[in-house]
Amino acid sequence: MASAAPPLLPTSVPAAAPATVLSAAPDAATSIASPDPAATRAFLGRVYDSAKRSLSGARPWPELLDRAALSRPDSLSDATARLRKNLAYFRVNYAALVALSLAVALLAHPFSLAALLALLAAWCFLYLLRPSDAAPLAAFGRTFSDRETLGGLIAASVFIVFLTSVGGIIFSALALGAAIVCAHGAFRVPEDLFLDEVPDQGLGGGGATLNLLSFINGATGGRV
């Protein structure tokens, strides 16, 4: 009995199917919308106008530094009365001195300055100057709402200011500036000051605070 013939093998190899390239979306990529240029310009313009308007109320610096007007107070009540009058008259100059003390302290500690600048940039790009119609923030494979983003920024601010050396530097600089202001206000004789020219804004600066909140609220699209 004749054996069966072996099966014929194919003489050509079928072409391999082209491999499909899958574009893997990076999980850790962060989706950050560019700040609205109009909102950025409005924010910076209002900050500049507010600073310019505030500094326009500064008294002449030679009047502040007049050594002939310095004398030792007779009592604690006299020092308190002098300080109260001088605060009302030189409030813009005193605020500039405190700001200068803070600036010098931060410039002397570059790491703290860099941390504060990074925190400020995060607030601006992730919340303050973020367009109101921008897509929710996406990072590490999940999406964060505006409320969650705000909570994260607040937590980062609390951590940097209160749990690192940055907070100590800031508070030390503010305390030094306040001590300089109190010492000058207690020793500066206010008899030659025209206190009736001081606008009725109060020592608390409520008007300036309201202006600050108003332009921040306008620049951020009403989310603050």
Side-chain angles (χ1 to χ4, degrees), residues 43-120 123-124 128 157-158 160-216:
F43 182 83
L44 295 178
R46 291 181 182 181
V47 169
Y48 175 77
D49 292 340
S50 179
K52 183 178 179 180
R53 188 166 55 251
S54 298
L55 291 177
S56 64
R59 302 297 177 177
W61 289 98
E63 185 177 4
L64 176 74
L65 303 176
D66 185 10
R67 297 180 60 182
L70 298 178
S71 68
R72 183 177 178 178
D74 297 331
S75 61
L76 181 60
S77 59
D78 184 27
T80 304
R82 289 185 183 185
L83 178 60
R84 183 169 58 252
K85 293 179 181 179
N86 286 320
L87 281 176
Y89 190 80
F90 293 113
R91 62 184 179 278
V92 178
N93 303 75
Y94 286 158
L97 287 176
V98 174
L100 178 62
S101 174
L102 179 60
V104 171
L106 290 177
L107 290 176
H109 299 82
F111 173 78
S112 300
L113 179 60
L116 286 180
L117 290 178
L119 182 62
L120 177 62
W123 271 99
C124 290
L128 291 178
S157 303
V158 171
I160 291 177
V161 174
F162 294 101
L163 300 180
T164 64
S165 60
V166 177
I169 294 172
I170 293 176
F171 295 135
S172 299
L174 294 179
L176 177 61
I180 295 175
V181 167
C182 292
H184 181 274
F187 282 84
R188 176 63 162 85
V189 180
E191 274 75 12
D192 60 332
L193 305 181
F194 299 96
L195 297 180
D196 55 341
E197 295 180 358
V198 179
D200 186 16
Q201 294 179 356
L203 298 180
T209 303
L210 291 178
N211 291 334
L212 177 66
L213 292 177
S214 64
F215 78 70
I216 290 179

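If you read the sequence from its start, that first residue is 1, and numbering goes on from there.
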Parallel, tilted or perpendicular: ring planes of His184 versus Phe90, cut at 30 and 60 degrees: perpendicular
Sidechain-backbone polar pair: Arg91 side chain, Ala88 backbone, donor-acceptor under 3.5 Å: yes
Ala178 to Val98 - nearest heavy-atom pair and separation: N-CG2, 4.2 Å
Nearest-0.5 Å distance, CG of residue Leu107 to CG of residue Leu102: 9.5 Å
Contact summary for Ser172 and Gly168, nearest pair of heavy atoms: OG-O, 2.7 Å
Heavy-atom closest pair, residues Val166 and Ala115: CG2-CB, 4.2 Å
Sequence-distant partners of Ala105, side-chain contact (heavy atoms from CB on, under 4.5 Å), two or more places apart: Ile169, Ala173
Nearest non-hydrogen partners of Ser71 and Arg82, listed with the distance: O-NH1, 2.8 Å
Gap between atom CG of Leu176 and atom CZ of Phe171 - 0.5 Å precision: 15.0 Å
Heavy-atom side-chain proximity of Val158 to Leu163 below 4.5 angstrom: no
Arg188 side chain near Tyr89 side chain, heavy-atom distance below 4.5 Å: no
Beyond-backbone contact of Asn86 with Val181, side-chain heavy atoms, under 4.5 angstrom: no
Phe187 side chain reached by Pro73 side chain, heavy atoms, under 4.5 Å: yes
Least distance between heavy atoms, Trp123 atom then Ser157 atom: NE1-OG, 2.8 Å
Atom pair OG/CD1 of Ser101 and Ile170 - distance to nearest 0.5 Å: 11.5 Å
Sub-4.5 Å side-chain heavy-atom contact between Leu64 and Leu97: yes
Nearest atoms (heavy-atom pairs only) where Asp74 meets Asp78: N-OD2, 3.1 Å
Arg59 side chain reached by Val92 side chain, heavy atoms, under 4.5 Å: no
